[in-house]
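For this chain, numbers begin at 1 and follow the sequence in order.
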Amino acid sequence: MRLLTHNMLSSNIKGVEKGFPLRIEAEKVVEKPVEMNADFLRKMFEKVEWKAFVEASRSMGYAQLPEEVDSGMLESDEFLSRFHHALLELHLEEGALVCPETGRRFPVNKGIPNMLLHEDEV
(Lines give C-alpha, C1' and ligand atoms only; values in the text may rest on other atoms or scores of the structure.)
Protein backbone atom coordinates (compact mmCIF):
# COMPACT_ATOMS: atom_id res chain seq x y z
CA MET A 1 0.00 0.00 0.00
CA ARG A 2 1.38 3.37 -1.00
CA LEU A 3 1.21 6.43 1.22
CA LEU A 4 -0.93 8.00 -1.50
CA THR A 5 -3.59 5.42 -0.61
CA HIS A 6 -3.04 5.74 3.13
CA ASN A 7 -3.63 9.51 3.00
CA MET A 8 -7.14 8.89 1.66
CA LEU A 9 -8.24 6.12 4.03
CA SER A 10 -10.14 6.54 7.27
CA SER A 11 -11.92 4.33 9.78
CA ASN A 12 -15.64 4.02 9.08
CA ILE A 13 -16.59 2.21 12.28
CA LYS A 14 -20.04 3.19 13.52
CA GLY A 15 -19.80 6.07 15.97
CA VAL A 16 -16.22 7.03 15.11
CA GLU A 17 -15.88 10.76 14.58
CA LYS A 18 -12.10 10.99 14.21
CA GLY A 19 -11.13 8.09 11.95
CA PHE A 20 -8.27 9.92 10.20
CA PRO A 21 -5.36 9.55 10.02
CA LEU A 22 -4.92 5.86 10.54
CA ARG A 23 -1.71 5.08 12.41
CA ILE A 24 0.68 2.75 10.58
CA GLU A 25 2.25 -0.24 12.29
CA ALA A 26 4.83 -1.32 9.74
CA GLU A 27 6.22 -4.84 9.80
CA LYS A 28 7.58 -4.89 6.24
CA VAL A 29 8.18 -1.89 3.98
CA VAL A 30 9.52 -2.21 0.44
CA GLU A 31 10.67 0.36 -2.08
CA LYS A 32 9.34 -0.01 -5.62
CA PRO A 33 10.85 2.44 -8.14
CA VAL A 34 8.34 4.49 -10.14
CA GLU A 35 9.09 7.05 -12.83
CA MET A 36 8.71 10.57 -11.48
CA ASN A 37 6.04 12.86 -12.94
CA ALA A 38 6.44 16.40 -11.57
CA ASP A 39 3.06 17.58 -12.90
CA PHE A 40 1.28 14.72 -11.12
CA LEU A 41 3.13 15.52 -7.88
CA ARG A 42 2.19 19.19 -8.06
CA LYS A 43 -1.49 18.29 -8.48
CA MET A 44 -1.42 15.70 -5.69
CA PHE A 45 0.32 18.10 -3.31
CA GLU A 46 -2.91 20.08 -2.93
CA LYS A 47 -4.86 16.95 -2.01
CA VAL A 48 -2.44 15.46 0.54
CA GLU A 49 -3.03 16.12 4.24
CA TRP A 50 0.60 17.02 4.92
CA LYS A 51 0.88 16.41 8.68
CA ALA A 52 -0.63 12.92 8.36
CA PHE A 53 1.58 12.22 5.35
CA VAL A 54 4.80 13.14 7.18
CA GLU A 55 3.80 11.09 10.22
CA ALA A 56 2.99 8.08 8.01
CA SER A 57 6.27 8.32 6.11
CA ARG A 58 8.21 8.44 9.38
CA SER A 59 6.38 5.39 10.71
CA MET A 60 7.64 3.58 7.60
CA GLY A 61 11.23 4.64 8.27
CA TYR A 62 11.45 7.65 5.92
CA ALA A 63 12.26 10.93 7.67
CA GLN A 64 13.32 13.10 4.70
CA LEU A 65 10.17 15.26 4.51
CA PRO A 66 9.90 18.70 6.13
CA GLU A 67 7.34 19.27 8.89
CA GLU A 68 5.96 22.37 7.18
CA VAL A 69 5.57 23.05 3.47
CA ASP A 70 4.28 25.65 1.07
CA SER A 71 3.52 25.52 -2.63
CA GLY A 72 6.78 27.35 -3.43
CA MET A 73 8.66 24.17 -2.52
CA LEU A 74 7.16 22.49 -5.60
CA GLU A 75 9.80 24.31 -7.67
CA SER A 76 12.59 22.42 -5.90
CA ASP A 77 13.72 19.21 -7.63
CA GLU A 78 15.05 17.91 -4.31
CA PHE A 79 11.69 18.43 -2.59
CA LEU A 80 9.80 16.84 -5.50
CA SER A 81 12.13 13.85 -5.43
CA ARG A 82 11.57 13.29 -1.70
CA PHE A 83 7.81 13.83 -2.03
CA HIS A 84 7.72 11.38 -4.96
CA HIS A 85 9.67 8.74 -3.04
CA ALA A 86 7.42 8.89 0.01
CA LEU A 87 4.15 9.17 -1.91
CA LEU A 88 4.68 6.54 -4.59
CA GLU A 89 7.75 4.39 -3.98
CA LEU A 90 7.35 3.37 -0.34
CA HIS A 91 4.98 0.43 0.05
CA LEU A 92 3.60 -1.02 3.26
CA GLU A 93 3.67 -4.74 2.47
CA GLU A 94 2.87 -6.16 5.91
CA GLY A 95 1.55 -4.52 9.04
CA ALA A 96 -1.61 -2.79 10.18
CA LEU A 97 -3.55 0.46 10.06
CA VAL A 98 -4.91 1.52 13.43
CA CYS A 99 -8.00 3.65 14.05
CA PRO A 100 -6.95 6.71 16.08
CA GLU A 101 -10.18 6.70 18.08
CA THR A 102 -10.92 3.04 18.81
CA GLY A 103 -7.54 1.37 18.37
CA ARG A 104 -9.09 -1.13 15.95
CA ARG A 105 -6.37 -2.72 13.81
CA PHE A 106 -6.94 -3.22 10.09
CA PRO A 107 -4.38 -5.74 8.77
CA VAL A 108 -2.27 -5.08 5.68
CA ASN A 109 -1.17 -8.25 3.90
CA LYS A 110 0.79 -8.35 0.65
CA GLY A 111 0.28 -4.60 0.36
CA ILE A 112 -3.52 -4.77 0.58
CA PRO A 113 -5.33 -3.18 3.54
CA ASN A 114 -8.35 -5.11 4.80
CA MET A 115 -10.79 -2.41 5.87
CA LEU A 116 -13.81 -4.72 6.18
CA LEU A 117 -15.82 -4.04 9.30
CA HIS A 118 -17.20 -6.63 11.70
CA GLU A 119 -21.00 -6.89 11.87
CA ASP A 120 -21.17 -4.96 15.16
CA GLU A 121 -19.09 -2.09 13.70
CA VAL A 122 -21.48 -1.25 10.85
Side-chain angles (χ1 to χ4, degrees):
M1 179 192 70
R2 293 179 173 146
L3 289 182
L4 172 62
T5 303
H6 170 265
N7 204 261
M8 297 178 187
L9 292 176
S10 65
S11 175
N12 290 318
I13 297 172
K14 178 176 59 176
V16 168
E17 293 180 19
K18 188 180 180 319
F20 179 86
L22 296 167
R23 191 176 80 249
I24 294 177
E25 291 180 353
E27 293 174 17
K28 181 180 178 185
V29 176
V30 296
E31 293 182 23
K32 298 180 182 179
V34 175
E35 187 175 334
M36 191 165 108
N37 180 332
D39 290 333
F40 173 77
L41 292 171
R42 288 182 184 104
K43 289 177 184 168
M44 288 309 302
F45 178 79
E46 300 169 10
K47 298 174 181 5
V48 170
E49 205 298 321
W50 191 258
K51 184 178 179 192
F53 180 63
V54 169
E55 187 176 307
S57 72
R58 289 186 178 160
S59 71
M60 290 176 53
Y62 187 71
Q64 301 300 313
L65 296 172
E67 289 283 333
E68 309 233 346
V69 291
D70 62 68
S71 60
M73 297 174 85
L74 294 172
E75 300 308 314
S76 163
D77 289 340
E78 182 179 345
F79 173 75
L80 284 177
S81 178
R82 290 177 180 186
F83 180 42
H84 165 80
H85 181 69
L87 189 69
L88 300 171
E89 294 183 328
L90 292 179
H91 289 254
L92 178 63
E93 283 293 306
E94 302 292 332
L97 303 176
V98 182
C99 175
E101 190 172 316
T102 66
R104 163 77 147 78
R105 297 177 81 247
F106 298 96
V108 177
N109 296 306
K110 297 180 183 171
I112 301 170
N114 181 349
M115 301 294 293
L116 293 175
L117 299 176
H118 298 143
E119 195 173 304
D120 62 334
E121 296 173 324
V122 181

E67 meets the salt bridge (Lys or Arg N to Asp or Glu O under 4.0 Å) criterion, sequence neighbours left out, with R58
Rounded distance (nearest 0.5 Å) linking atom CG of L92 with atom CD1 of I112: 11.5 Å
I'd like a table of donor-acceptor pairs (distance under 3.5 Å, sequence neighbours excluded) in which one partner is a side-chain atom from residues 39-47, with atom names and distances.
residue	atom	partner	partner atom	Å
R42	NE	L74	O	3.4
R42	NH2	L74	O	3.3

Quick check: is M1 connected to L3 through a chain of hydrophobic side chains (ILVMFWY, heavy atoms under 4.5 Å apart)? yes
Indicate yes or no: does E55 engage K51 in a salt bridge with an N to O separation below 4.0 Å. no
In the single-linkage hydrophobic clustering (I, L, V, M, F, W, Y; side-chain heavy atoms under 4.5 Å), do M8 and V54 co-cluster? yes
Would you name the heavy atoms of F20 and L9 that are closest together and state the gap between them? CD1-O, 3.2 Å
Residue pair F79 / V69, side-chain heavy-atom distance below 4.5 Å: yes
Would you name the heavy atoms of A26 and M60 that are closest together and state the gap between them? CB-CG, 4.4 Å
Output yes when a side-chain donor or acceptor of S57 lies under 3.5 Å from a complementary backbone atom of A86, and no otherwise. no
Report all side-chain donor-acceptor pairs from residues 95-110 shorter than 3.5 Å, counting only partners two or more places apart or in another chain.
residue	atom	partner	partner atom	Å
E101	OE1	E17	N	3.0
E101	OE1	K18	N	2.8
T102	OG1	R104	N	3.1
R104	NE	E121	OE1	3.3
R104	NE	E121	OE2	2.8
R104	NH2	L116	O	3.1
R104	NH2	E121	OE1	3.0
R105	NE	E25	OE1	2.9
R105	NH2	E25	OE1	2.7

Are the side chain of H6 and the backbone N or O of L22 linked by a donor-acceptor pair below 3.5 Å? yes
When you group the ILVMFWY residues by side-chain heavy-atom contacts below 4.5 Å and let the links chain together, are V30 and L90 in the same group? no
Same cluster or not: V29 versus L88, using hydrophobic residues (I, L, V, M, F, W, Y) connected whenever any side-chain heavy atoms lie under 4.5 Å apart? yes
Quick one: pull up CE in M36 and OG in S81 and give me the separation to the nearest 0.5 Å. 6.0 Å
Does L65 offer a backbone N or O that forms a donor-acceptor pair with the side chain of R82 under 3.5 Å? no
Could you check whether any side-chain heavy atom of Q64 comes within less than 4.5 Å of a side-chain heavy atom of H85, counting everything from C-beta outward? no
Could you see if W50 belongs to whatever hydrophobic cluster contains L87? Use Ile, Leu, Val, Met, Phe, Trp, Tyr and a side-chain cutoff under 4.5 Å. yes
Over all atoms of both residues, closest heavy-atom pair of I24 and A56: CD1-CB, 3.7 Å
If you take all heavy atoms of M73 and P66, which pair is closest and at what distance? CE-CG, 3.7 Å
Under 3.5 Å, is there a donor-acceptor pair between the E31 and H91 side chains? no
Trace of the side chain to side chain contact (heavy atoms under 4.5 Å, CB included) decision for V34 with H84: CA-CA 9 Å; V34 175; H84 165 80; 4.1 Å; yes
